[in-house]
Amino acid sequence: NAGVTQTPKFRVLKTGQSMTLLCAQDMNHEYMYWYRQDPGMGLRLIHYSVGEGTTAKGEVPDGYNVSRLKKQNFLLGLESAAPSQTSVYFCASSSSSPQFFGPGTRLTVL
Amino acid sequence: TQLLEQSPQFLSIQEGENLTVYCNSSSVFSSLQWYRQEPGEGPVLLVTVVTGGEVKKLKRLTFQFGDARKDSSLHITAAQPGDTGLYLCAAPKGGSNYKLTFGKGTLLTVNP
């Protein structure tokens, strides 16, 4: 039982490049979330999903897209990376509450 | 907007000392969660408090939910270096029970 896993763990992008972060959970949770964590800003919700095939915007959705084609996976995409998207990204899942978090992806955009 | 204010923002203490960190809001919450995040890891749930006035103990950690369900505290007795981490409080957001609002956290360093 791996819980919530994220790939990759680290990534460096140049401005304008695109990439996809993958989140997988093996707990059969309905809800999945993407957060970013920046110093002094806490955890901020980017997008979330209440079930397979659904997505919704969180607090800071601009510049990101998501997809939930399978219940166990939640993908976060950056179409054209900007330096302001340098952050640590966390995926989480839940059946309701509480949430279970992955280990994070540290993304640097140069 | 439901805001959770955590204090202090930073705390550095010596091993063996006691400490209390706080999570305050002007809003009433149905429940409140405390998470600990160790360096390089994701947050991990420590406890959920539900009832006003509730006290829960987890070894050397004591969690209290305020009578009015607007605030909470975490007290650590005889802190150890393994307690080092970011302590986050979180509460259900906007009437849902699956979306959470997080405080910015208290970064605790326990020095040997």
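Numbers restart at 1 for each chain; the letters A, B, ... are given by sequence-line order, proteins then strands. Every heavy atom of this structure was used, including side-chain atoms; hydrogens, water molecules and symmetry mates were not. Bear in mind that the values here come from a model prediction, so they are computed numbers and not experimental data.
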Student: Tell me, for B:Gln6 versus chain A, whether the close heavy atoms (under 4.5 Å) come from the side chain, the backbone, both or neither.
Tutor: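 Neither part, no heavy atoms under 4.5 Å.
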Student: Can you name the residues of residues 41-66 of chain B that have some heavy atom under 4.5 Å away from a heavy atom in chain A?
Tutor: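 Within residues 41-66 of chain B, the residues that come under 4.5 Å of chain A (heavy atoms only) are B:Glu41, B:Gly42, B:Pro43, B:Leu45.
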Student: Group every Ile, Leu, Val, Met, Phe, Trp and Tyr by side-chain heavy-atom contacts under 4.5 Å, then state whether B:Leu4 and B:Trp34 land in the same group.
Tutor: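 As far as the 4.5 Å side-chain criterion goes, B:Trp34 and B:Leu4 are connected within one cluster.
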Student: Given the rule in the side-chain contact (heavy atoms from CB on, under 4.5 Å) test, do B:Gln37 and A:Phe90 qualify, once you have shown the distances and angles that lead to the verdict?
Tutor: CA-CA 12 Å; B:Gln37 184 178 14; A:Phe90 288 99; 3.2 Å; yes
Student: Give a yes or no on whether B:Leu11 and B:Val110 share a hydrophobic cluster (residues Ile, Leu, Val, Met, Phe, Trp, Tyr; joining criterion: side-chain heavy atoms under 4.5 Å apart).
Tutor: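 Yes, B:Leu11 connects to B:Val110 through the hydrophobic network.
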Student: Do any of residues 96-110 of chain A come closer than 4.5 Å to chain B, heavy atom to heavy atom, and if so which ones, in number order?
Tutor: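 Near chain B, by residue number: A:Ser96, A:Ser97, A:Pro98, A:Gln99, A:Phe101, A:Gly102, A:Pro103.
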Student: Would a hydrophobic clustering, with Ile, Leu, Val, Met, Phe, Trp and Tyr connected at side-chain separations under 4.5 Å, put A:Met32 with A:Val66?
Tutor: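 As far as the 4.5 Å side-chain criterion goes, A:Val66 and A:Met32 are connected within one cluster.
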Student: Under 4.5 Å heavy-atom distance to chain A, tell me which part of B:Leu88 shows up: side chain, backbone, both or neither.
Tutor: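 Looking at B:Leu88, just its side chain touches chain A.
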Student: With a strict 4.5 Å heavy-atom criterion, list every residue of residues 76-85 of chain A that contacts chain B, or say none.
Tutor: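 Answer by number: none.
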Student: Quick check on the hydrophobic clustering: are B:Ile76 and B:Tyr22 connected, directly or via other members, by side-chain heavy-atom contacts under 4.5 Å?
Tutor: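 No, B:Ile76 and B:Tyr22 fall in different hydrophobic clusters.
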Student: Calculate, to the nearest 0.5 Å, the distance between atoms OH and NZ belonging to A:Tyr31 and B:Lys99 respectively.
Tutor: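 If I round to the nearest 0.5 Å, the distance is 11.0 Å.
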Student: Heavy-atom distances under 4.5 Å only: say whether A:Gln6 touches chain B with side chain, backbone, both or neither.
Tutor: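 For A:Gln6, no heavy atom lies under 4.5 Å from chain B.
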Student: Under 4.5 Å, heavy atom to heavy atom, which residues of residues 40-53 of chain A contact chain B?
Tutor: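 Contacts with chain B: A:Gly40, A:Met41, A:Gly42, A:Leu43, A:Leu45, A:Tyr48, A:Val50.
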Student: When you group the ILVMFWY residues by side-chain heavy-atom contacts below 4.5 Å and let the links chain together, are A:Tyr89 and A:Phe74 in the same group?
Tutor: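 Yes; tracing contacts between hydrophobic side chains, which count when under 4.5 Å, links both residues.
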